[in-house]
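Data first, discussion second: the structure below is written as structure tokens.
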Amino acid sequence: MHQPLPVSGAIVAEYLSLFRQQAPLVHCMTNDVVQSFTANVLLALGGSPAMVIEAEEAAQFSAIADGLLINVGTLTRSRADAMLSAVGAAVNANTPWTLDPVAVGGLTFRSEFCRRLLVSKPAAIRGNASEILALSGNVQHGRGVDSQHQAEAAIAAATQLARQTGAVVVVTGAIDYVTDGEQLLQVMGGSPLMTRVVGTGCALSAVVTGFTALAGDRLYAIASACRVMSCAGERATARSSGPGSFAPAFLDELWQLDAEVLA
């Protein structure tokens, strides 16, 4: 694997413009804690969110959506069945889908479920270092949604996982790393305040899902999704006094992002 490459602001601006033009319909089968925030993030960027979780409807909807997000944060057996149905329909319809393996490695049911899903070839996988290490089989124990590892520690595991599944794998942390198994990109920026507001990581997975639907190079599209979020986080922090003022400022910054800001 070569040294990680940065992603230029011009490329990020190009993919953000495509996202706003297309306004992708993102089917979010995500956890109960973050649904409202996730929807607001997608809306602020110009996307179209939907949360359809009943198995029969989920399968029907994922076939017409532009992208499907599977986030296992509040997984139940009935929700797992609905997710399996939705993924199957998405695969049949060539709808790209993204896996967010929340707390994989720390809990058996979700860990086994996510590994089962990998055979259905996600377009993208987005997790923290501990989740990516666990999903790839390199680490067996995690600590819930908190990463016990730095993002750099999971680069090899992410590369292995990308080659195994064909997905673009994102490891998020102080620096985000994005790989298709051959190339490695790094995305700088963000803010520690992003870890003090519920849902920024889960919302990133939804944004990644929307960007997988865009024409062009999927690796760079997904890295652009990461930079859009980290840039908004930086700018929101600059005018926030804490988590309470950060969340609305973050949505405002997503709304106001343009090529000049990203440059």
Side-chain angles (χ1 to χ4, degrees), residues 1 4 28 30-31 33-34 37-38 41 69-75 97-115 117-118 122-162 164-165 167-181 184-209 211-212 219 222-223 225-230 232-234 237 243 246 250:
M1 178 65 68
C28 302
T30 191
N31 73 72
V33 183
V34 304
F37 186 74
T38 297
V41 164
L69 168 63
I70 299 294
N71 173 309
V72 299
T74 51
L75 190 65
W97 71 277
T98 296
L99 175 63
D100 187 336
V102 179
V104 160
L107 296 164
T108 304
F109 175 49
R110 70 186 55 213
S111 299
E112 292 176 349
F113 178 69
C114 285
R115 293 188 185 109
L117 282 176
L118 292 180
I125 301 169
R126 200 290 311 170
N128 65 38
S130 293
E131 290 162 349
I132 297 301
L133 283 163
L135 190 62
S136 66
N138 287 274
V139 170
Q140 298 303 319
H141 301 287
R143 182 175 173 264
V145 298
D146 297 329
S147 182
Q148 295 177 290
H149 304 85
Q150 297 298 313
E152 291 77 7
I155 290 174
T159 303
Q160 171 192 330
L161 193 59
Q164 172 193 340
T165 62
V168 173
V169 179
V170 180
V171 187
T172 48
I175 300 173
D176 298 339
Y177 293 96
V178 187
T179 182
D180 60 2
L184 178 66
L185 305 180
Q186 67 177 10
V187 179
M188 311 293 285
S191 162
L193 266 182
M194 296 178 77
T195 67
R196 294 293 176 236
V197 174
V198 170
T200 53
C202 296
L204 170 58
S205 294
V207 174
V208 163
T209 304
F211 275 65
T212 63
L219 178 71
I222 290 172
C226 295
R227 180 54 188 150
V228 161
M229 294 287 277
S230 73
E234 291 168 14
T237 297
F246 173 84
F250 181 66

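Position 1 is the first residue of the sequence; numbering continues from there.
Residues Leu75 and Phe113 share a closest heavy-atom pair of CD2-CD2, 3.8 Å. Between Gln150 and Ala129, the shortest heavy-atom contact is O-CB, 3.3 Å. Closest of all the heavy-atom pairs between Val41 and Ala203 is CG2-CB, 3.9 Å. Val187 and Ala223 get closest at one heavy-atom pair: CG2-O, 3.7 Å. Minimum heavy-atom separation, Thr172 to Asp176: CA-OD1, 3.2 Å. Of all heavy-atom pairs between Val102 and Val72, the closest is N-CG2, 3.5 Å.
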Can you check side chain to side chain contact (heavy atoms under 4.5 Å, CB included) on Ile175 and Glu152, steps first, answer last?
CA-CA 8 Å; Ile175 300 173; Glu152 291 77 7; 4.0 Å; yes
Show your working on side chain to side chain contact (heavy atoms under 4.5 Å, CB included) between Val198 and Phe37 and close with a plain yes or no.
CA-CA 8 Å; Val198 170; Phe37 186 74; over 6 Å; no
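Judged purely by atom type and a 3.5 angstrom limit, Ser111 uses its side chain to pair as donor or acceptor with the backbone of Gly105. Using modelled atom types, one side-chain atom of Ser230 and one backbone atom of Met188 make a donor-acceptor pair closer than 3.5 Å. With Glu131 contributing its side chain and Ala103 its backbone, the two residues share a donor-acceptor pair below 3.5 Å.
Every residue two or more places apart in sequence or in another chain that forms a side-chain hydrogen bond (donor to acceptor under 3.5 Å, both in side chains) with Glu234 is listed here: Arg227.
Separation of atoms CG (Leu219) and OG1 (Thr212) is listed at 13.0 Å; rounding is to 0.5 Å. Leu69 CG to Leu204 CG: the interatomic distance, rounded to the nearest 0.5 Å, is 10.0 Å. The OG1 atom of Thr159 lies 9.5 Å from the CG atom of Leu161; values are rounded to the nearest 0.5 Å. Taken from CD in Glu112 to CG in Leu117, the straight-line distance is 12.5 Å, to the nearest 0.5 Å. With rounding to the nearest 0.5 angstrom, the CG atom of Leu135 is 5.5 Å from the CD1 atom of Ile125. In this structure, OG1 on Thr38 lies 7.5 Å from CG on Asn31, to the nearest 0.5 angstrom.
The aromatic rings of Phe250 and Phe246 sit parallel, their planes meeting at an angle under 30°, below the 60° perpendicular limit.
Contact check for Leu193 versus Pro243: side-chain heavy atoms found under the 4.5 Å cut-off.
Annotation: side-chain hydrogen bond (donor to acceptor under 3.5 Å, both in side chains) contacts involving residues 196-205, sequence neighbours excluded, comprise Asp100-Ser205, Arg126-Ser205.
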